[in-house]
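Have a look at the structure below, then the notes.
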Amino acid sequence: MKIAIVYSSKTGNTEELIHLIQELFIKKNVVVNLFRIEQFQFNVLKNYEAIVIGTYTWGNGNIPHEMMDLFRAFETQDVKNIVTAVVGTGDSGYPNFCGAVDEFKSMLYYHTHLAVTLKIEVSLQQKDMSRCIRFVEIVLEKILLYRSNLKIKS
Ligand SMILES: Cc1cc2nc3c(=O)[nH]c(=O)nc-3n(C[C@H](O)[C@H](O)[C@H](O)COP(=O)(O)O)c2cc1C
């Protein structure tokens with residue numbers, strides 16, 4: 001199973017969340033490749049079976065500038081066989097809470113097999129743990145389901 005987690009974080013909240021998500025995959029005996037957006041080579045996205053995106057929200061509900069090339073790569077490459085998921089932190093004091101998660105969600109729903117999205121209020125709290133566990137379970141379930149669908153078709 002080749003899974004990438006690609007994320008961006010300005011002040012550390014999303015990074016902390018992503019490290020938890022990575023740990024939860026490892027607890028399920030699944031190896032994931034973790035990349036900050038600056039390190040990720042996104043010329044061939046379809047080399048991955050699944051990609052998890054982690055993003056904060058900036059401006060007025062916007063995707064961070066540094067995540068836009070990844071967004072466009074999904075729009076323009078052949079990614080129809082990739083399972084995707086989006087997780088993000090935001091602040092509900094702003095009108096568009098986790099707007100960047102919503103933007104990715106709409107695009108990935110159209111272009112990929114979007115499994116799940118998750119929005120976290122600012123920084124991780126104990127109450128978020130069960131939601132993060134479920135997030136990882138759904139990603140893994142979706143990968144297995146999609147694999148079995150591919151086998152039936154072939
Ligand atoms: C200038 C600015 C604009 C922001 N705009 C939004 C927004 O529109 N929606 C939202 O949910 N959060 C917004 N936030 C909150 C951040 O997304 C939130 O603090 C997030 O946890 C930061 O993630 P990071 O620590 O990974 O950088 C904004 C924060 C700042 C400083």
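The first residue of the sequence shown is numbered 1, and numbering continues consecutively from there. Remember, it's 1-based here, ligands and their atoms both numbered in the order they're listed.
The structure places NZ of Lys119 at 12.0 Å from OG1 of Thr55, a figure rounded to the nearest 0.5 Å. The distance from the CD1 atom of Ile51 to the CZ atom of Phe35 is 9.0 Å, given to the nearest 0.5 Å.
You'll find the ring centres of His111 and Phe74 outside the 6.0 Å limit.
Ligand 1 lies under 4.0 Å from heavy atoms of Ser9, Lys10, Thr11, Gly12, Asn13, Thr14, Tyr56, Thr57, Trp58, Gly59, Asn60, Gly61, Thr89, Gly90, Asp91, Tyr94, Asn96, Phe97, Cys98, Val122.
Of the charged side-chain nitrogens involved, at least one lies within less than 4.0 Å of a carboxylate oxygen, so that Arg72 and Asp69 count as a salt-bridged pair.
Shown here for Ala100 and Thr57, the closest heavy-atom pair between the two residues is N-OG1, 3.1 Å.
Every residue was checked against the salt bridge (charged side-chain N to carboxylate O under 4.0 Å, His left out) condition with Lys142, not counting sequence neighbours, and none meets it.
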